[in-house]
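What follows is one structure encoded as structure tokens, with my remarks underneath.
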Amino acid sequence: MKQTLFDKVWDSHVVHSIDKGPDVLFIDRHMIHEVTSPVAFLGLKNRALPVLYPERTFATADHNTPTLNQHLPVADPLSRNQLKALEENANAHGISYWGLGHKKNGIVHVVGPEYGITQPGATIVCGDSHTSTHGAFGAIAFGIGTSEVEMVLATQCIMQPKPKKMRISINGSLNHGVTPKDVALFIISKLTTSGATGYFVEYAGEVFEQLSMEGRMTVCNLSIEMGARGGMIAPDEKTFEYIKGREFTPEGAAWDKAMAYWETLHTDEGATFDKELVFEGSEIDPMITFGTNPGMGMSITKAIPTASSVEGGAATYKKSLDYMGYAEGESMLGKPIDFVFIGSCTNGRIEDFRAFASIVKGKKRAENVTAWLVPGSHKVLASIKEEGLLDIFEAAKFELREPGCSACLAMNDDKIPAGKYAVSTSNRNFEGRQGPGSRTLLASPLVAAAAAITGKITDPRTLIQ
Amino acid sequence: MAYDSFSILTSTAVPLPIENVDTDQIIPARFLKATERVGFGDNLFRDWRYNQDDTPKVDFVLNNATYQGKILVGGHNFGSGSSREHAAWAVYDYGFRCVVSSFFADIFRNNCLNIGVLPVQVSAEFLAEIFESIQNDPATELTVDLHKQNISLASSGTSESFEINAYKKDNMLNGYDDIDYLSNMKSEIVEFAQNTPL
């Protein structure tokens, strides 16, 4: 039978299929962080259950960590307590723990690939919806709730109905100044935030083949923003080259055996999907969001759509524009901004900082802009220094912070003040996401850099040398 | 038994006719710092419910005593965004046992089922009728019958069936949870794991 990539990985992990119910799915690798795991460990304690396979779970602190002075005790007692709980739980159950200050610490979806925990054909879960990131390697990776975190700790399995399958193909190549983030925001703007709910997505076609592994991670990361449980891309030479030699990557005979499996991981010719969408790379411009969900995105040069031209309720649409302080039909170009945030599991990798540097090099940060540059991990931070990017940032009056999720969800002190506009490379522009009353404009690192230099929404193509 | 069982619920309902209600609205991230599952209901819809000085926003539905009940009725694509189960906990802790919408985000729906809150998906037309009926008479009652997989509106007698898989239905009716099921499969899981390299 002709199978899709998704079928191959899913079906090979089904321990048991319940009649008229979900599949019992075996989980190869489980990542945990401080926010969604403590109640799961409490559940284990109440049931007097051990962690079945502690070597398959990896813990890192990221959501609730400061991005300045990480060598000091965490000032907020609630945050400190949550971080302490993660450390104690990991230690008590023999789980690898990369806490604050650890050289491997960073955002869970950044460090997983960096150390080879993320591998093709694996099932990977985490109590975080952006777990879809790991699908870039041809893994089935998705976010779960805390009850499911407890299930995985106790039994290495979760119970999930098999999702439907969607393939999104983008042919051709991308225009100058168009990044993987723009590709994702473009797709979400076409599908809306619920257009892929109930589906698992495979991204295919020349555009995705041409993307780097980090670019693929950015696209897969945002799969959840169109409602999909996850998105994946068939592994290829680029994938194998990326993972080779990393700490948790198999070596020698184990590598050969793994490769024999990984090379089968593609959708068979003639396999069918429940839904197929096809776009052309040349259709995509640099994108920016103007509303309060990631589906409310548009080409940076266009005008904000009118309520009558969008699907769904006009009342909700107008409420969203009111929150943003924008009106239908306005141009986004030239609108003033207050903050710029570079970072997150979406765009906090070294290629994102290189892209940012390519525009800010030799220029100066606009005086009306506060910018937070937050690397996704200590490894990214080290590369920023080694490659001389820090010198470029400092010369342009930018400050580099320490790794963490930071202003993406503003659990720590990195909050955008009420009413202020932030051009952010993160993943969600929900009301108050970056702090109560904050107004988020999602965009690529290039668009963020152009905004940081000019102090307003600017087409980055006008600044690219 | 991991949570309350659910069979038939008859209650008035609280209407929230807004689309794409995301989990950051249901419970903002700054309230996710607890290490125990207590008190999340106090911060349900925090930033829609309270001003920044913690005074209630009088026009938000949870601050309007006219609307009460164990059923929350939301617009299309309810619960989108983050996987935080805290959102489902907040809904439960506030006192809701059922959420009705014309469409649910995937992870939120799963989280609800895992803690004993029943997500009931109805047609867009029926959802509009429910909103209208509650607006006309806040004392309007809804009856959700899990056995029959049916939801009905007392005022008009209109009813609709809803989907839930047989396994989850059984869990909800009895208050069973997945860990009990999986724990009894341990030998099969261990055997499976032996053929699955790390």
Side-chain angles (χ1 to χ4, degrees), chain A residues 15-16 18-22 24 26 28 35-36 38-39 42-43 47 49 52-53 55-56 64 78-79 81-82 85 127-129 143-148 150-151 154-159 161 193-194 197-198 227 229 250 254 293 312-313 316 319 409-411 418 428 430-433 436-437, chain B residues 2 17-20 22-25 28-30 32-37 46-48 52 75-77 80-89 103-108 110-112 114-115 165-170 177-183 185-186 188-193 196-198:
Chain A
V15 179
H16 176 67
I18 299 172
D19 186 37
K20 292 179 188 151
V24 174
F26 187 82
D28 292 314
V35 176
T36 57
V39 172
L42 204 59
R47 295 169 196 262
L49 285 173
L52 185 59
Y53 295 116
E55 68 277 19
R56 290 182 182 272
N64 203 354
L78 284 175
S79 300
N81 185 46
Q82 204 172 43
D128 186 282
S129 60
I144 57 175
T146 296
S147 295
E148 292 167 310
E150 188 182 341
M151 278 176 226
T155 71
Q156 207 58 41
C157 288
I158 54 168
M159 306 181 83
T193 53
S194 59
T197 303
R229 205 61 190 277
N293 72 57
T316 299
K319 177 179 183 292
L409 82 167
M411 266 192 91
R428 288 186 175 134
F430 297 149
E431 284 183 31
R433 168 80 177 183
Chain B
I18 297 170
E19 289 154 42
N20 303 317
D22 60 76
T23 52
D24 275 87
Q25 308 317 312
R30 63 187 188 280
L32 307 184
K33 296 185 182 187
T35 52
E36 291 177 52
R37 196 189 135 180
R46 178 79 201 194
D47 293 335
W48 285 354
Q52 285 198 37
H76 187 83
N77 196 27
S80 56
S82 138
S83 64
R84 60 188 71 161
E85 196 166 297
H86 311 66
W89 297 341
F103 197 84
F104 287 96
D106 212 21
I107 305 180
F108 179 77
N110 258 329
N111 287 341
C112 283
N114 283 337
I115 66 157
N165 75 57
Y167 166 82
K168 273 293 173 194
K169 180 178 174 178
D170 197 41
D177 79 0
D178 290 346
I179 293 188
D180 296 334
Y181 189 101
L182 291 170
S183 294
M185 283 191 61
K186 191 176 162 192
E188 218 171 324
I189 293 167
V190 168
E191 195 186 323
F192 192 94
T196 311
L198 182 65

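Computed from heavy atoms alone, side chains included, the values below leave out hydrogens, waters and symmetry copies. So that the names make sense, note that chain A is the first sequence line, chain B the second, and so on, each numbered from 1.
Interface residue A:R428: only side-chain heavy atoms are found under 4.5 Å from chain B. With a threshold of 4.5 angstrom between heavy atoms, B:A34 approaches chain A through N, CA, C or O but not through any side-chain atom. Contacts between B:E36 and chain A at a heavy-atom distance below 4.5 Å involve backbone atoms as well as side-chain atoms. Only the side chain of A:T316 comes within contact range of chain B, with at least one heavy atom under 4.5 Å from a heavy atom of that chain. Looking at B:E188, the atoms closer than 4.5 Å to chain A (heavy atoms on both sides) sit in the backbone and in the side chain alike. Contact of B:D178 with chain A is made through backbone and side chain together, with heavy-atom distances under 4.5 Å. When heavy atoms are compared at a cutoff of 4.5 Å, B:K186 approaches chain A solely by way of its side chain, counted from C-beta outward. With a 4.5 Å cut-off on non-hydrogen atoms, B:F104 touches chain A through its backbone but not through its side chain.
No other option in B:D106, B:D22, B:I18 has as many heavy-atom pairs under 4.5 Å with chain A as B:D22. Across A:C157, A:G432, A:G227, the residue that shares the most heavy-atom pairs under 4.5 angstrom with chain B is A:C157. Counting heavy-atom pairs closer than 4.5 Å to chain B, the top-ranked of the candidates A:V15, A:I144, A:I158 is A:V15. Comparing A:A85, A:G127, A:P22 by heavy-atom pairs within less than 4.5 Å of chain B, the highest count is held by A:P22. Here A:P436 is the residue among A:G143, A:G313, A:P436 with the most heavy-atom pairs under 4.5 Å with chain B. Here B:S83 is the residue among B:G75, B:P17, B:S83 with the most heavy-atom pairs under 4.5 Å with chain A. Ranking B:H76, B:H86, B:K168 against chain A, the residue ahead of the rest is B:H86, based on heavy-atom pairs under 4.5 Å. Chain A forms more heavy-atom pairs under 4.5 Å with one residue of B:D47, B:T23, B:N165 than with any other, namely B:N165. The candidate from A:N64, A:D19, A:T36 with the greatest count of non-hydrogen atom pairs under 4.5 Å with chain B is A:N64. Among the candidates A:E431, A:K319, A:R433, A:H16, the residue making the largest number of heavy-atom pairs closer than 4.5 Å to chain B is A:E431. For the set B:L182, B:N20, B:V190, the count of heavy-atom pairs under 4.5 angstrom toward chain A peaks at B:L182. Ranking B:R84, B:E19, B:R30 against chain A, the residue ahead of the rest is B:E19, based on heavy-atom pairs under 4.5 Å.
Judged by distance alone, the side chains of B:E85 and A:S147 do bring a donor and an acceptor atom under 3.5 Å apart. Side-chain contact annotation: B:N77 with A:T193, donor-acceptor N/O pair under 3.5 Å present.
The heavy-atom pair separating B:Y167 from A:G21 by the smallest distance is CB-CA, 3.9 Å. Closest approach of A:A418 to B:Q52, counting heavy atoms only: CB-NE2, 3.5 Å. Nearest heavy atom pair, residue B:S82 against residue A:S129, reads CA-OG, 3.7 Å. Heavy atoms only, all atoms of each residue included: B:L32 and A:Q82 are closest at O-NE2, 2.8 Å. Minimum interatomic distance between B:A193 and A:Y53 (heavy atoms only, all atoms of both residues): CB-OH, 3.3 Å.
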Exercise for review: Assess whether side chain to side chain contact (heavy atoms under 4.5 Å, CB included) is satisfied between B:N111 and A:E148, documenting all intermediate values.
Suggested key: CA-CA 8 Å; B:N111 287 341; A:E148 292 167 310; 4.1 Å; yes
**Study point:** Check against side chain to side chain contact (heavy atoms under 4.5 Å, CB included), B:F192 and A:Q156
**Key:** CA-CA 10 Å; B:F192 192 94; A:Q156 207 58 41; over 6 Å; no
Review point. Are A:R229 and B:I107 close enough, and set up right, to give a side chain to side chain contact (heavy atoms under 4.5 Å, CB included), and what steps lead you there?
Key: CA-CA 8 Å; A:R229 205 61 190 277; B:I107 305 180; 3.3 Å; yes
Exercise for review: Evaluate side chain to side chain contact (heavy atoms under 4.5 Å, CB included) for B:T196 paired with A:D28, printing each intermediate quantity in order.
Suggested key: CA-CA 8 Å; B:T196 311; A:D28 292 314; 2.9 Å; yes
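Looking at A:R47 and B:D180, a side-chain N of the basic residue comes within less than 4.0 Å of a carboxylate O on the acidic one, giving a salt bridge.
Annotation: the span from B:D24 atom CG to A:N293 atom CG amounts to 12.0 Å, rounded to 0.5 Å. Between B:I179 atom CD1 and A:L49 atom CG the span is 7.0 Å, to the nearest 0.5 Å.
Counting only heavy atoms from C-beta outward, the side chains of A:V24 and B:M185 approach each other to under 4.5 Å.
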